[in-house]
S.K.: 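Please read through the structure below; I'll follow up with questions.
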Number of protein chains: 2
Amino acid sequence: MSQKQATIHDIAKKAGVSSSTVSRALQDNPLINSKTRERIQLIAEKLNYQPNVLAHNLRKGRSHMVGVLVPRIDHHFFSSVIGGIEKVLNEQGYNVLILQALDSVSKEVINVQSLLEHRIAGVLACPMALSQDYNHYKLLVKYDIPLIFFDNTHINMPVSMVLNDDYKGAALAAEHLINQGCRKIIFLAGPRNNYIYQRRFEGFRDTLKKRNIPFSDDQIFQNESDFLSGKDAANRILARMPLPDGVFSVTDHQAIQLIQALKIVGVKIPQQIAITGFSNAEITSIIDPPLTTIDQHSREMGAVAAKMLLEELEQRKNNTFIPKKIYLTPELIIRQSTLRRNE
Amino acid sequence: MSQKQATIHDIAKKAGVSSSTVSRALQDNPLINSKTRERIQLIAEKLNYQPNVLAHNLRKGRSHMVGVLVPRIDHHFFSSVIGGIEKVLNEQGYNVLILQALDSVSKEVINVQSLLEHRIAGVLACPMALSQDYNHYKLLVKYDIPLIFFDNTHINMPVSMVLNDDYKGAALAAEHLINQGCRKIIFLAGPRNNYIYQRRFEGFRDTLKKRNIPFSDDQIFQNESDFLSGKDAANRILARMPLPDGVFSVTDHQAIQLIQALKIVGVKIPQQIAITGFSNAEITSIIDPPLTTIDQHSREMGAVAAKMLLEELEQRKNNTFIPKKIYLTPELIIRQSTLRRNE
DNA sequence: GATGAATCTGCAATCGATTGCAGAATAAAA
DNA sequence: TTTTATTCTGCAATCGATTGCAGATTCATC
């Protein structure tokens, strides 16, 4: 009843040839007589033969497995990046080994170790923001294993990266708010030490400056090390007289909570206050009013990163590899939460 | 500059011993003199040695890789199931190879093939609802590879399963609506041929019957092969006089859209119509009013499935394995969309 | 039938790690 | 010092597939 998976040797025995012949026949090697080849392939099919990837890779000295390192898989941004990665790599015959760091730097290190042990062909990684020590990634570089960083950016290593142009995304949203007539805009910030949110702030601030819209620090609403709840933000906004006429939130979540809170006290959105989010979470199109936000093309980011990896694998063969950075331009998704006039 | 990863042979050469000795030393085999052992382990560390998992598994005839098959990874339910799986298996030294079927039955077959080629230790699978042919799964059984199905259920195979008790979940929601005073409840259905939605219907219907709440087929709102939009559902509801006082939706999405649509025409929720969703999507706690829904403990489902797999691996050694089914009881999350009185 | 060319197939080493068994080195006993 | 027991270490085969090289087979040609 229990049964082992067939090997080329089993096939060889059944076909009365050596395993070398089987190996060649299954590779459609022209050295093998076409009749023998067909006979062998038929037997292989009958035995339900699946080549042993372990043995194959061991012999070939390379695997068709690519490692993907993410902080966690159950965040929509990451799972959709992975979706993009998987699609591209699968089409090229690669499999994907996904590991999550779960907010632990040491787990991240262990994960890289694990990938090295699997002799993976390459790595796509979104390093945790807080990890300061990149020695584990340097190990990959040392062994000439192609490494691509995505999403996060403040790393100074000779490695290719796919990045979100958060600066540009924020600029788009700010531009839009201004075009909708907003003149007193609140910046709803994220945690202070986060590089990404910092870039969004810069894009926002610079755009206002360029358009000569006044902006001062008291228009920045921020908690020290986490997010401001929508309710708290609403209270602070309502305390301002005259009321601000626009809010730029660094996340969709904050924006949505804020909308709910403001609606309760009767503030009209977007007529009194226009609000933008960031990320284009699935929710944003469903809530009332639908939220204007910035789409980060996460799926495409995965696809681009995967393609870069394939390219790098190719280039390393000819020694023509040079690391590069690709910035993905985010897209402004205009919805009713800001629509006060036609742009 | 380019450098290969070290092997036991490299270590052996540096230590002036044979590779057998190295292999044993690294396994803390007591046969090896403790001084030799320590010397070898030191050298291994210096060379940054990572054991070649391919070679190791090939020799041992088993791998520490577990395959996970899902329809798609970028759905929150699946990514959080995977999160649970990964956590449990990682702690036991297993890695997880994730493959998505992407709505293609043939891709599902290919994925199983791919797992077989990797000589994976076991498989956790959520088969697509529409695939009728389970031969590829039977192949796993044939080769004694532990297989666990999760979430989906209408499969008749001698295989362990972790299932959501959708019947019970629906019963909980129905019970709750009745307790909130609803007497004329609409059932907002999903696609007709879907087993899961069918079970939810049965749980709903039976509960109404048990509580002597009248229910007839014209209270079922349904599209033939997909979901009813919130707007269409709202129109059909508003056409009823007197207005229904409750809605059971098989998904959160439909429920949320319905709420938005009803709010626009001034229907008070929950006072006029109480509404329940199903799944406890992240959104549901954020929207206004927050949606009463059924939590499926998806992360826990992954964890349970993973534990079952580990157990099965253990049991197969002693030939004590018997497939079993575990039903996870869903949880009613009560929020304001139904809260008309204290239960 | 002999010779040479062309076509096909098998031997054996290899990838990196593991392990049974034999044999070397060391320690203990005679 | 010799013998025996004990402790260590290495040889070589193995897992399953690949591949250079040599040898076998077939076929055409003289």
Side-chain angles (χ1 to χ4, degrees), chain A residues 3-41 43-44 47-65 93 114 116-121 143, chain B residues 3-41 43-44 47-65 93 113-121 143:
Chain A
Q3 204 177 327
K4 293 241 166 182
Q5 292 180 247
T7 71
I8 48 168
H9 306 293
D10 300 325
I11 300 175
K13 204 175 289 175
K14 259 219 169 52
V17 297
S18 79
S19 41
S20 339
T21 305
V22 174
S23 173
R24 292 194 177 98
L26 295 177
Q27 295 174 77
D28 283 328
N29 187 321
L31 279 180
I32 303 298
N33 186 310
S34 60
K35 279 180 194 163
T36 327
R37 182 176 7 116
E38 282 163 24
R39 194 162 52 87
I40 290 175
Q41 292 180 342
I43 295 176
L47 290 182
N48 248 312
Y49 171 72
Q50 348 263 353
N52 186 322
V53 174
L54 302 176
H56 180 274
N57 289 343
L58 175 60
R59 179 59 226 255
K60 289 285 208 175
R62 65 193 154 81
S63 92
H64 275 81
M65 191 97 76
S114 180
L116 282 169
E117 292 179 359
H118 280 90
R119 301 297 191 266
I120 31 77
Y143 292 132
Chain B
Q3 203 178 328
K4 294 243 166 180
Q5 293 180 244
T7 70
I8 47 169
H9 303 105
D10 300 325
I11 300 174
K13 204 175 289 174
K14 259 219 168 53
V17 297
S18 78
S19 40
S20 337
T21 304
V22 174
S23 173
R24 291 193 178 100
L26 295 178
Q27 295 174 78
D28 283 329
N29 186 321
L31 280 179
I32 304 297
N33 186 310
S34 60
K35 279 180 193 164
T36 327
R37 180 173 13 111
E38 281 162 24
R39 193 162 53 88
I40 289 175
Q41 292 179 343
I43 294 177
L47 290 182
N48 247 313
Y49 171 74
Q50 350 263 355
N52 186 322
V53 174
L54 301 177
H56 181 274
N57 289 344
L58 175 60
R59 179 60 227 255
K60 290 286 208 175
R62 65 194 155 83
S63 91
H64 274 82
M65 191 96 77
Q113 292 283 332
S114 180
L115 292 179
L116 282 169
E117 292 180 359
H118 279 90
R119 300 299 191 267
I120 30 79
Y143 291 132

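Small disclaimer: the values here were computed from a predicted structure and weren't measured.
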S.K.: Quick one, A/E117 and B/H56 - any side-chain contact, counting heavy atoms below 4.5 Å?
M.R.: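 Side chain of A/E117 against side chain of B/H56, heavy atoms only: no contact under 4.5 Å found.
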S.K.: Would you say the side chain of B/V17 lies within less than 4.5 Å of the side chain of B/R39, judging by non-hydrogen atoms?
M.R.: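 Yes - at least one pair of side-chain heavy atoms lies under 4.5 Å apart.
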S.K.: Kindly say if B/T36 contacts the phosphate of D/dT9, meaning a side-chain N or O under 4.0 Å from OP1 or OP2.
M.R.: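 True: B/T36 side-chain N/O within range (under 4.0 Å) of D/dT9 OP1/OP2.
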S.K.: When the distance from CZ of A/R37 to P of C/dT7 is rounded to whole Å, what number comes out?
M.R.: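 In whole Å, C/dT7 P and A/R37 CZ are 15 Å from each other.
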S.K.: Find the distance A/N57:CG to C/dA17:C1' and express it as a whole number of Å.
M.R.: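 To the nearest whole Å, that distance equals 16 Å.
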S.K.: Do any N or O atoms from the side chain of B/Q41 and from the backbone of B/A25 form a donor-acceptor pair under 3.5 angstrom?
M.R.: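 Side chain of B/Q41 to backbone of B/A25, a donor-acceptor pair under 3.5 Å: yes, one is there.
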S.K.: CG of A/N29 versus P of C/dT7: gap in Å, rounded?
M.R.: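 After rounding, the gap between these two atoms is 14 Å.
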S.K.: Between the base of D/dG10 and the side chain of B/R24, is there a donor-acceptor distance below 3.5 Å?
M.R.: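 Yes, a donor-acceptor pair under 3.5 Å.
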S.K.: At under 4.0 Å, does any side-chain N or O of A/T21 touch on OP1 or OP2 of C/dT9?
M.R.: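 So the side-chain polar atoms of A/T21 never come under 4.0 Å of the phosphate oxygens OP1 or OP2 of C/dT9.
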S.K.: Without swapping roles, check the side chain of A/S63 against the backbone of A/R119 for a donor-acceptor pair under 3.5 Å.
M.R.: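 Between the backbone of A/R119 and the side chain of A/S63 there is a qualifying donor-acceptor contact (under 3.5 Å).
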S.K.: Do B/S20 side-chain and D/dC11 base share a donor-acceptor contact under 3.5 Å?
M.R.: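 Check passes, donor-acceptor contact within cut-off.
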S.K.: Rounded to the nearest Å, what distance is computed from the CZ atom of residue B/R62 to the P atom of nucleotide D/dC15?
M.R.: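 Atom CZ in B/R62 sits about 16 Å away from atom P in D/dC15.
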S.K.: Taking atom C1' of D/dT9 as reference, at what distance in whole Å does atom CG of B/L31 sit?
M.R.: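 Rounding to the nearest Å, CG of B/L31 and C1' of D/dT9 are 9 Å apart.
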S.K.: State which of C/dC15, C/dA17, D/dT19 makes the closest approach to the side chain of A/L58.
M.R.: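 Nearest to the side-chain atoms of A/L58, counting from C-beta on, is C/dC15.
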S.K.: Using atom CZ of B/R39 as one end and atom C1' of D/dC8 as the other, report the distance to the nearest whole Å.
M.R.: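 To the nearest whole Å, that distance equals 13 Å.
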S.K.: Name the residue closer to the 5' end of DNA chain D, choosing between A/I8 and B/S18 according to the nucleotide with the nearest heavy atom.
M.R.: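 So the residue in question is B/S18.
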S.K.: Less than 4.0 angstrom between a side-chain N/O of A/S23 and OP1 or OP2 of D/dA17, yes or no?
M.R.: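 The answer is no; no side-chain N or O of A/S23 sits under 4.0 Å from OP1 or OP2.
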S.K.: Would you say A/Q27 places a side-chain N or O within less than 4.0 Å of OP1 or OP2 belonging to D/dT19?
M.R.: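 So the side-chain polar atoms of A/Q27 do come within 4.0 Å of the phosphate oxygens OP1 or OP2 of D/dT19, strictly under.
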S.K.: Hey, is the side chain of B/H56 poking within less than 4.0 Å of OP1 or OP2 on C/dG16, counting only N and O atoms?
M.R.: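 Negative; the distance criterion is not met.
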S.K.: Checking side-chain polar atoms at under 3.5 Å, does B/S23 have a donor or acceptor matched by the opposite partner on B/Q27?
M.R.: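 Distance-only check passes for B/S23 and B/Q27.
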S.K.: Hey, does A/D10 have a side-chain heavy atom less than 4.5 Å from the side chain of A/T7?
M.R.: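 In short, these two side chains touch, coming nearer than 4.5 Å.
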S.K.: Which listed nucleotide (C/dG10, D/dA17, C/dG16) is nearest to the side chain of B/H9?
M.R.: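 Of C/dG10, D/dA17, C/dG16, C/dG16 is nearest to the side chain of B/H9.
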S.K.: Return the value, rounded to whole Å, for the distance between atom CG of A/L26 and atom C1' of D/dG16.
M.R.: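 So the CG-C1' distance, A/L26 to D/dG16, works out to 13 Å.
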S.K.: Just how far, in rounded Å, is P of D/dT7 from NZ of B/K35?
M.R.: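 In whole Å, D/dT7 P lies 16 Å from B/K35 NZ.
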S.K.: At under 4.0 Å, does any side-chain N or O of A/T7 touch on OP1 or OP2 of D/dG16?
M.R.: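 Negative; the distance criterion is not met.
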S.K.: Scan A/V17 against the nucleic acid and name what it touches under 4.0 Å (heavy atoms): base, sugar-phosphate only, or nothing.
M.R.: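 If one applies the 4.0 Å heavy-atom cut-off, A/V17 turns out to touch the sugar-phosphate alone, with no base involved.
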S.K.: C/dT19, OP1 or OP2 - any side-chain N/O from B/K60 closer than 4.0 Å?
M.R.: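 Checking B/K60 against C/dT19: at least one side-chain N or O falls below 4.0 Å of OP1 or OP2.
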S.K.: Tell me whether the OP1 or OP2 atom of C/dG16 has a side-chain N or O from B/Q5 closer than 4.0 Å.
M.R.: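 For C/dG16, neither OP1 nor OP2 has a side-chain N or O of B/Q5 closer than 4.0 Å.
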